[in-house]
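Working notes for the structure below.
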Amino acid sequence: MSKFFLPILLFISSFVFAQNLDLTVSVSGIKNNTGSLTAELYNAKDKFLKVSYKAISSPIKSNSATVTFTEIPKGEYTVLIYHDENKNGKLDKNFIGMPKEPVACSNNAKGFMGPPKYDDAKFTITSDSKIIIKMNDAL
């Protein structure tokens, strides 16, 4: 019995590890190389723009940056990026909650009188993927 257990366990665990994918986010149109770029990955509609699933920061070179989220499962996601110009580790907002630093979303989704809708920014990952986002001055 034990000689069958190990191969079965390895076979099952290969599916678990095979499910984890990479998502590369390339960002262009950053207005300067000051500070850093932060990308936040969201995996649920009710958490969109509230609590990110993963976040990564990257230096900016030649007005562009690239980050890679690793080991994420297949599924539906959105990405918010922001230019952390003062490198304080957060998106600065004004007194009514509007971003003071440049931001953008996946699918280059834009909001009207507020942030973009989740459904406009969502995309599905089924294999290693790359998306391109153009930086805007505000959402």
Side-chain angles (χ1 to χ4, degrees):
M1 177 76 178
S2 65
K3 68 180 180 178
F4 294 110
F5 180 71
L6 185 58
I8 291 170
L9 181 63
L10 290 172
F11 179 74
I12 291 171
S13 49
S14 71
F15 282 110
V16 172
F17 291 111
Q19 300 283 336
N20 291 332
L21 307 169
D22 292 346
L23 170 65
T24 300
V25 180
S26 294
V27 182
S28 65
I30 302 171
K31 68 180 178 180
N32 60 55
N33 296 322
T34 305
S36 63
L37 179 93
T38 297
E40 296 180 346
L41 182 67
Y42 296 89
N43 64 349
K45 185 174 186 172
D46 61 331
K47 295 182 179 180
F48 181 52
L49 303 180
K50 295 174 187 145
V51 180
S52 65
Y53 171 62
K54 288 188 174 194
I56 301 175
S57 292
S58 171
I60 301 166
K61 296 179 182 169
S62 302
N63 300 78
S64 62
T66 300
V67 298
T68 300
F69 293 100
T70 58
E71 298 189 24
I72 57 174
K74 291 179 182 178
E76 189 175 271
Y77 295 93
T78 60
V79 174
L80 168 76
I81 57 160
Y82 64 90
H83 183 179
D84 186 7
E85 294 177 300
N86 58 6
K87 238 179 164 185
N88 66 351
K90 65 179 184 171
L91 175 60
D92 295 326
K93 299 176 182 178
N94 65 17
F95 69 98
I96 59 171
M98 297 292 291
K100 291 170 60 176
E101 296 175 305
V103 296
C105 266
S106 44
N107 297 334
N108 292 309
K110 295 182 176 141
F112 177 73
M113 302 295 284
K117 292 181 172 73
Y118 174 85
D119 290 334
D120 293 338
K122 73 180 179 181
F123 58 94
T124 302
I125 296 177
T126 58
S127 62
D128 288 347
S129 301
K130 180 177 181 178
I131 63 171
I132 300 170
I133 300 176
K134 176 135 176 51
M135 180 61 79
N136 300 311
D137 286 334
L139 276 176

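Residue numbers count from 1 along this sequence. Bear in mind that the values here come from a model prediction, so they are computed numbers and not experimental data. Heavy atoms only: backbone and side chains are in, while hydrogens, waters and symmetry mates are out.
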| query | Between Ile72 and Ile125, is any pair of side-chain heavy atoms under 4.5 Å apart? | reply | yes
| request: Kindly give the heavy-atom pair with the smallest separation between Lys134 and Gly29, and that separation in Å. | output: NZ-CA, 3.8 Å
| query | Which pairs pass salt bridge (Lys or Arg N to Asp or Glu O under 4.0 Å) with one or both residues in residues 34-45, sequence neighbours excluded? | reply | Lys45-Asp119
| request: For residues 76-90, pull every pair meeting salt bridge (Lys or Arg N to Asp or Glu O under 4.0 Å), keeping only residues two or more places apart or in separate chains. | output: Lys31-Glu85, Glu76-Lys122
| message | I need the minimum non-hydrogen distance between Asn33 and Asn63, along with the two atoms involved. | response | OD1-N, 2.8 Å
| Between CG of Leu80 and SG of Cys105, what distance do you get to the nearest 0.5 Å? | 5.0 Å
Distance-only check: which donor-acceptor pairs under 3.5 Å involve side-chain atoms of residues 49-59, not counting sequence neighbours?
| from | atom 1 | to | atom 2 | distance (Å) |
| --- | --- | --- | --- | --- |
| Lys54 | NZ | Thr70 | O | 2.6 |
| Ser57 | OG | Thr38 | OG1 | 2.8 |
| Ser58 | OG | Thr66 | O | 3.4 |

| Connected hydrophobic set around Ile132, excluding itself, where side chains approach under 4.5 Å | none
| query | Partners of Ser64 by side-chain hydrogen bond (donor to acceptor under 3.5 Å, both in side chains), sequence neighbours excluded? | reply | none
| query | Can you name the side-chain hydrogen bond (donor to acceptor under 3.5 Å, both in side chains) partners of Asn86, sequence neighbours left out? | reply | Asp92
| remark: Between the CG atom in Asn107 and the OG1 atom in Thr78, the distance rounded to the nearest 0.5 Å is 9.5 Å
| note | Nearest heavy-atom contact between Ser106 and Ile131 is CB-CD1, 4.1 Å
| Are Ile133 and Val25 side-chain neighbours, meaning at least one heavy-atom pair lies under 4.5 Å? | yes
| message | I need the Met135 CE to Ile60 CD1 distance, nearest 0.5 Å. | response | 7.0 Å
| request: Name all residues meeting the side chain to side chain contact (heavy atoms under 4.5 Å, CB included) criterion together with Lys117; count only those two or more places apart in sequence or in a different chain, and write none if there are none. | output: Asp120
| query | Which residue pairs satisfy the ring-ring contact (aromatic ring centres under 6.0 Å, His included) criterion with at least one member in residues 69-118, sequence neighbours excluded? | reply | Phe48-Tyr118
| Are the side chain of Ser129 and the backbone N or O of Ser127 linked by a donor-acceptor pair below 3.5 Å? | yes
| Distance-minimising heavy-atom pair for Asp22 and Glu71 | OD1-N, 3.5 Å
| field | Ile81 vs Val103 side-chain heavy atoms within contact, under 4.5 Å | value | no
| said: With a 4.5 Å cut-off on side-chain heavy atoms, are Thr126 and Thr124 touching? | reply: yes
